Every structure is written in structure tokens, then in C-alpha cells.
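One structure below.
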Amino acid sequence: MKKILLAYDGGEPAKRALEQTIELATRFEAQVGVISVVPVRSGRTAIDPWDDRTVHAEELLEARRALREAGIEAEMLEPGGDVARTIERVADERGYDTIVIGTRGVRSLARTLQGSVSEHVASHAHVTVVVAR
């Protein structure tokens with residue numbers, strides 16, 4: 001484990017993933033990147049007006065502060081796109097060997113209707129995926 005990509009959206013599951021990332025990065029002396037994907041969807045409104053780059057920038061600053069307090073300098077990434085696929089693509093393109101992501105614990109019906117980012121990443125990424133619960 002040399003290079004960890006933390007998927008971060010500021011929610012409680014992401015905060016658990018952040019704690020796990022700090023623990024792993026410290027233990028393995030790994031480099032860390034933090035990604036907060038601005039969702040872009042097809043249709044009339046491509047970007048959710050309540051989920052814009054400003055929100056993601058604030059989330060990244062929050063993660064950066066927590067990582068710095070733990071003595072970790074991290075690369076901050078704020079791409080737009082399909083959330084799960086963008087996390088997977090960035091991990092591949094930038095050479096991350098591990099992705100850490102939180103899970104919302106969505107019940108099976110909701111997961112079927114809206115999909116699960118953590119489930120998609122865990123089953124499609126080409127690297128090790130740690131799902132923080």
C-alpha cells in the first residue's frame with residue numbers, strides 16, 4: 001500500500017473513511033489523494049444545483065485539515081462526472097493502489113433504485129478497495 005485515494009463527500013461514512021485512511025497512511029507511510037467528485041448527469045440539468053464545486057471544495061478543505069493534523073499532506077482532486085466511474089478512472093490514471101470509501105448503509109431497496117457508489121467501486125475498480133463502515 002503505497003498510494004491511497006480517499007473518496008470524500010463530508011458525510012459521516014466519508015469521515016469514517018478519512019479516519020481509516022489516516023490509520024493506513026500512517027501505518028504504511030503511504031501517499032494520499034482525496035477525491036470529491038462533482039456529479040454530472042445527463043439531462044436538462046447536468047449538475048445538481050445543491051451539489052456544486054463550492055460544496056466539494058469545502059469538503060476537500062475539511063479533509064485536508066484533518067489529514068494535516070495527522071501529519072499527512074495530500075493531493076486534492078475535484079473532477080466532475082459519474083461519481084463511481086470517476087473515482088475508478090482517477091485511481092487508474094494516477095497510479096493509486098488503494099481506494100478508501102465510506103458506505104451509507106443504504107437498505108437493499110434503495111440501493112437497487114439508486115445504486116451504491118461504494119458497491120460499484122468495490123466491484124469494478126482495478127485496485128484494492130477498503131469500504132469503511
Side-chain angles (χ1 to χ4, degrees):
M1 192 173 298
K2 297 184 186 309
K3 211 170 168 190
I4 301 168
L5 181 62
L6 167 64
Y8 194 78
D9 69 3
E12 284 307 311
K15 290 178 182 176
R16 290 190 300 273
L18 174 61
E19 292 170 8
Q20 185 71 54
T21 299
I22 291 169
E23 183 179 322
L24 291 169
T26 301
R27 181 180 301 158
F28 294 101
E29 298 179 0
Q31 295 176 13
V32 175
V34 182
I35 186 169
S36 182
V37 181
V38 178
V40 176
R41 299 172 182 89
S42 60
R44 292 175 64 188
T45 306
I47 297 177
D48 182 342
W50 305 111
D51 194 7
D52 64 12
R53 290 202 182 274
T54 304
V55 171
H56 290 270
E58 291 171 8
E59 292 165 356
L60 288 172
L61 287 173
E62 176 182 290
R64 174 176 271 158
R65 280 191 293 273
L67 288 161
R68 279 186 175 160
E69 287 176 12
I72 300 167
E73 286 297 323
E75 174 182 30
M76 299 291 141
L77 306 161
E78 190 183 1
D82 174 85
V83 178
R85 286 183 176 89
T86 301
I87 293 167
E88 296 157 11
R89 179 182 52 78
V90 167
D92 284 343
E93 289 176 357
R94 293 184 175 258
Y96 287 96
D97 57 25
T98 306
I99 298 169
V100 181
I101 190 168
T103 181
R104 294 188 190 279
V106 178
R107 289 186 268 154
S108 61
L109 177 59
R111 185 179 300 123
T112 301
L113 295 175
Q114 68 189 31
S116 165
V117 171
S118 60
E119 196 171 282
H120 191 281
V121 171
S123 60
H124 290 87
H126 299 117
V127 300
T128 299
V129 178
V130 176
V131 180
R133 298 189 183 275

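Below, all heavy atoms of this structure are taken into account, side chains as well, without hydrogens, waters or symmetry copies. In this text, all values refer to a predicted model and were calculated from it rather than measured experimentally.
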Heavy-atom pair with the smallest gap, counting every atom of [X] and [Y]:
| X | Y | result |
| --- | --- | --- |
| Gly10 | Lys15 | O-CE, 3.2 Å |
| Ala14 | Ala7 | CB-O, 4.4 Å |
| Gly102 | Ala17 | N-CB, 3.7 Å |
| Ala91 | Ile99 | CB-CD1, 3.7 Å |
| Ser118 | Ile101 | CA-CD1, 3.8 Å |
| Ala30 | Met1 | CB-O, 3.8 Å |

Output all residues satisfying side chain to side chain contact (heavy atoms under 4.5 Å, CB included) with [X], sequence neighbours left out; order by chain, then residue number.
| X | value |
| --- | --- |
| Ala74 | Val32, Val34, Leu67, Met76 |
| Glu19 | none |
| Thr128 | Thr98 |
| Glu29 | none |

Test side chain to side chain donor-acceptor pair (under 3.5 Å) applied to Glu62 - qualifying residues, sequence neighbours left out: Tyr8

By side chain to side chain donor-acceptor pair (under 3.5 Å) - contacts of Arg27 (at least two apart): Glu23

Side chain to side chain donor-acceptor pair (under 3.5 Å) pairs, two or more places apart, involving residues 82-95: Glu75-Arg94, Glu88-His120, Arg89-Glu93, Asp92-His126

CA sep, side-chain torsions, deciding dist, call: Leu5, Leu77, side-chain contact (heavy atoms from CB on, under 4.5 Å): CA-CA 10 Å; Leu5 181 62; Leu77 306 161; 4.0 Å; yes

Salt bridge (charged side-chain N to carboxylate O under 4.0 Å, His left out) against Arg68, all qualifying residues, sequence neighbours excluded: Glu73

